[in-house]
S.K.: 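Here you go, one structure.
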Amino acid sequence: MPERVIRPNPARLEPGLGVIANRVHSLTASKPPAATTAEPLGALCSLATRSHRPLTRLRWPVQAGFPSPAEDDQDAAIDLNELLAPHPEACFLLRVRGCSMVDAGIDDGDLLLVDRALEPSHGRIVIAVVDGEFTVKRLHRQAQVVRLEAAHAQYPAIELKDGQELQVWGVVTRVIKSV
Amino acid sequence: MPVALVDCNSFYASCEQVFQPRLQGRAVVVLSNNDGCVVARSREAKALGIKMGEPWFQVRRRLQGQGQGQGQAEEVTALSSNYALYADMSNRVMRILGRFSPRQEVYSIDESFLELDGLPEPPEVIGQRIRSTVLRWTGLPVCVGIGPTKTLAKLANHLAKQDPAWAGVCDLAVLDAGEVKRLLAPVPVGEVWGGGQRLAHRLGALGILTALDLRRAPSKRIRQHASVMLGRNRLEPRGADRSDHQLHQPRRREAARPAGRGCGDHGRDPQPCLSP
Ligand SMILES: [Mg+2]
């Protein structure tokens, strides 16, 4: 497990869309899996693991109404893996579903780059496992208080009680948007 | 010159659990291509007595039968195999392991040998660090077996898996010869070299039934009768044959780790590179 801190309150999150779409065949269970009533928390859904093929190399500059800072370096190719994923073995992409993190610039449909090698410290945006589901929230961890904060006025923080455990799955380092 | 064998626990099932956290701590099996047979079992699925290679319909029938008898069926989640995912996770694990030693032999999708000599720390400490790094970076649990040869590293790994007291890392060097014998005596060869049922029979015909028999057997005799798999793994050489110490390192491993990136942004390769 990555770091275990304190476990949050149960909160139902929306179910995954899974790029890794394994069919679940059957639960030989007397009780069916709990129905996941989707709450519009900023839950993370689908996920794609990175391939180790280098990403397409890009070339600067892209003119956007101001001089590119890279103009002196026109021939330098950029390897997005090197640029974005310093620990390629520990970096994963996940897709956001929900809007509880919009005030942190994370919107529904965005891709998140998640680095599991980083320490989940106070103030970082993390992927946490809440009630068996991924969720993206800002980690507050100071003076014995641990909570997962949303970045949207309508979503209360998930407070952690004494003895409850929170599993932080990874630390979000980049947000990738379609424009 | 210690050799480590690092082997992922319940590899396919563990890969699934990383991305479906609700399956952590639950009985999970992964089925073969046509969803016919069980090809991987989580620890909890093993505890239910589900066997490797067992047809899924049979497992389901048996567990349902038990459920009727006892009021509640055991809960098992069966998943189609997703080899693209397992290959990706395997690559990650192998590259992490490559940070710990410049001499690495990838042995299977979830196993790799590493030479641990010339490294700054005791093998057992490195083993624990390998374990925690792979777990943290990928979410996958591994066990580490350490011994003077590849065969003994494989056996040590088997012991580490069987007995939680090892905390995932078994270094045979910490045991005296008598203890090694006592531990190896009851271990069937077929269990260590999983899937080698035919091989186990052929070795059985030579009187080699357990890991201890195997250790005592002259390597030439084994070489004549064993498959390539065991041939690559046989015990300490008697005489000048040293191939049990040597790791097979295909060139493509090096190609996969471009110069200057062997240790990510730390540039400390081949030293283990641990904290980000
Ligand atoms: Mg394994």
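Below, chains carry the letters A, B, ... as their sequence lines are ordered, and counting in each starts from 1. Worth knowing before you read on, the calculation uses all heavy atoms, side chains too, and leaves out hydrogens, waters and symmetry mates. Small disclaimer: the values here were computed from a predicted structure and weren't measured.
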S.K.: Examine distances only and state if a side-chain atom of B:Arg92 and a backbone atom of A:Cys91 form a donor-acceptor pair shorter than 3.5 Å.
M.R.: yes

S.K.: Could you measure the distance from the CH2 atom of B:Trp137 to the CG atom of A:Leu118? Nearest 0.5 Å is fine.
M.R.: 9.0 Å

S.K.: Given 3.5 Å as the limit, does a donor-acceptor pair link the side chain of B:Arg136 with the main chain of A:Ala117, or not?
M.R.: yes

S.K.: May I ask you to decide if B:Phe19's main-chain N or O and A:Trp169's side chain share a donor-acceptor pair within less than 3.5 Å?
M.R.: no

S.K.: Measure the OG1-CZ distance between B:Thr138 and A:Arg116 for me, rounded to the nearest 0.5 Å.
M.R.: 6.5 Å

S.K.: Rounded at 0.5 Å granularity, tell me how far CE in B:Met89 sits from CD in A:Glu89.
M.R.: 11.5 Å

